2 protein chains.
Amino acid sequence: MQDSTANPIPQHSASDPGRVRLIDAAATEFSERGYAGASISAIAERAGVGKSTVFHHFHSKDALYLAVIQEAASEFAQKMENVLNLDQDLVTCLRAFQSQHLEHLHHNSRVARLILRELQEGDRERLVTLVRDVLAVNFSRLVNYLNDAREAGMVRPEVDCAAAALSMMSANVMYFQNRAMLEHLPGFELADDPNAYAMAVTDLIINGLAPKEQSS
Amino acid sequence: MQDSTANPIPQHSASDPGRVRLIDAAATEFSERGYAGASISAIAERAGVGKSTVFHHFHSKDALYLAVIQEAASEFAQKMENVLNLDQDLVTCLRAFQSQHLEHLHHNSRVARLILRELQEGDRERLVTLVRDVLAVNFSRLVNYLNDAREAGMVRPEVDCAAAALSMMSANVMYFQNRAMLEHLPGFELADDPNAYAMAVTDLIINGLAPKEQSS
DNA sequence: GTCTATAATTCGATAGAC
DNA sequence: GTCTATCGAATTATAGAC
């Protein structure tokens with residue numbers, strides 16, 4: 001199988017079962033104990049392999065760590081490709097995006113929490129690598145889509161597409177991270193319905209608060 | 001578990017200098033070490049008073065903790081009152097709100113970080129109290145403003161005002177929390193200009209992505 | 001399991017303001 | 001003389017060491 005790789009990160013692909021087991025074990029360890037707290041031996045043990053096997057697949061703890069996140073990010077990148085295309089209308093695409101993004105966070109909550117944790121208290125170096133090499137790719141994909149849609153006249157020319165993309169994702173991250181507490185906000189009805197929330201946010205982002213006055 | 005009788009939150013207000021010193025010291029200790037990690041003696045020492053003085057002002061560690069957050073929350077509540085009024089137009093109010101909110105996060109970064117930390121890894125009980133007794137008040141204020149604006153026809157009737165309020169605040173929290181990493185997102189120009197960011201988000205929330213033209 | 005260290009909380013007394 | 005902020009010592013709870 002030939003990889004259509006113009007990708008910067010080498011994708012050994014998921015074919016390797018040992019690699020998959022390791023990434024899964026590492027995801028658990030890292031998310032439960034943080035980067036520093038997770039030990040390679042614990043990861044190896046959890047994966048049912050020897051410590052040296054870990055270093056056969058990944059040349060460093062750092063590389064393994066990034067691979068864990070890369071794994072989830074690539075998966076989401078795939079979903080984005082299915083959803084963001086300019087032939088469909090903006091509403092359909094963004095609804096699908098927002099809904100899938102939120103769903104992705106829940107389905108990959110270990111890694112999502114890992115990333116959020118890293119963003120708060122992680123090491124600078126690792127953080128920059130993470131953002132530039134992994135997160136930026138997916139973020140840019142959405143920004144580019146919005147920019148293209150703007151070119152095509154589907155989006156107002158004044159809109160800052162990066163700010164828009166960030167707003168969309170922020171809303172989901174907030175929901176994912178604090179769902180338990182949102183229940184206690186009076187007037188917030190959507191705490192138990194992620195999809196309805198995603199739709200409400202999408203509607204807001206697309207149409208805004210203000211009425212579309214045409215009554216002149 | 002002892003029940004704190006009849007919620008006696010004494011509103012001595014800021015007049016009491018000893019109280020103020022304690023709240024300030026506690027803000028630092030709590031935000032640096034987390035709730036469990038912060039000790040009453042360390043707080044007392046930092047404030048330059050004896051340990052038992054702390055308990056003269058606050059009946060418990062818990063009460064002190066809440067008072068720290070309550071302090072910053074009330075301050076923001078005051079700012080909201082100055083900014084959210086229905087006599088001005090929606091754009092003006094929401095711009096001012098968004099900008100002040102983001103500024104407030106920066107000026108009270110110790111407490112802001114404290115809250116965000118608590119939301120992630122805090123104790124359930126304390127979290128619920130925090131949300132219901134403190135955060136919900138300010139959140140509701142914005143939601144109510146939006147609801148009133150909707151009644152007044154300044155906001156589309158379909159909008160979910162709670163979701164809108166949450167989106168606005170999420171965008172700011174994301175920015176506050178991750179400003180350092182946003183620089184590394186390609187295409188994101190506003191990482192070093194909080195006010196411009198707040199304006200971009202406000203514009204988005206008010207007008208949305210879609211052009212205003214009424215296509216029948 | 002006992003012992004110990006550390007932390008939260010309570011008590012009783014003191015000193016100064018009104 | 002009362003009121004209140006303060007403090008040092010005493011009390012309880014708990015987690016970790018041995």
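Quantities reported herein were computed from a predicted structural model and do not represent experimental measurements. Sequence lines set the chain letters: A, B, ... in the order given, protein chains first and strands last, and positions in each chain run from 1.
- For the pair B/E29 CD and C/dA8 C1', the computed distance is 15 Å after rounding to whole Å.
- Classified by interplanar angle (parallel below 30°, tilted 30° to 60°, perpendicular above 60°), the ring pair B/F30/B/Y35 is parallel.
- Going from atom CD of B/E45 over to atom P of C/dA8 covers 13 Å, rounded to whole Å.
- Ion pairing of A/D203 with B/R156 is present here, as a side-chain N (NZ or NE/NH1/NH2) and a carboxylate O approach within less than 4.0 Å.
- The distance from atom CD1 of B/I40 to atom P of C/dT9 is 6 Å, rounded to the nearest whole Å.
- Remark: B/R141 engages B/E81 in a salt bridge, criterion side-chain N to carboxylate O under 4.0 Å.
- Side-chain nitrogen and oxygen atoms of B/S52 include none within less than 4.0 Å of the OP1 or OP2 phosphate oxygen of D/dC7.
- Summary of the strand contacts: B/K51 and B/G48 both lie near DNA chain D, and taking for each the nucleotide with the nearest heavy atom, the more 5' one is attributed to B/G48.
- The existence of a salt bridge linking B/R110 and B/D24 is confirmed by a sub-4.0 Å separation between a basic side-chain nitrogen and an acidic carboxylate oxygen.
- Going from atom CZ of B/F55 over to atom C1' of D/dT11 covers 13 Å, rounded to whole Å.
- Within 4.0 Å of B/S39, counting heavy atoms only, lie sugar-phosphate atoms of the nucleic acid but no base atom.
- Note: CZ (B/R33) to P (C/dT6) measures 15 Å, nearest angstrom.
- Atom pair B/I43:CD1 and C/dA7:P shows a separation of 12 Å (rounding to whole Å applied).
- At whole-Å resolution of the value, NE2 in B/H56 and C1' in C/dT14 are 14 Å apart.
- Distance B/H57 NE2 to C/dT10 P: 16 Å, rounded to the nearest Å.
- Residue contacts for B/A44: at a heavy-atom cut-off of 4.0 Å it reaches no nucleic acid atom on any strand shown.
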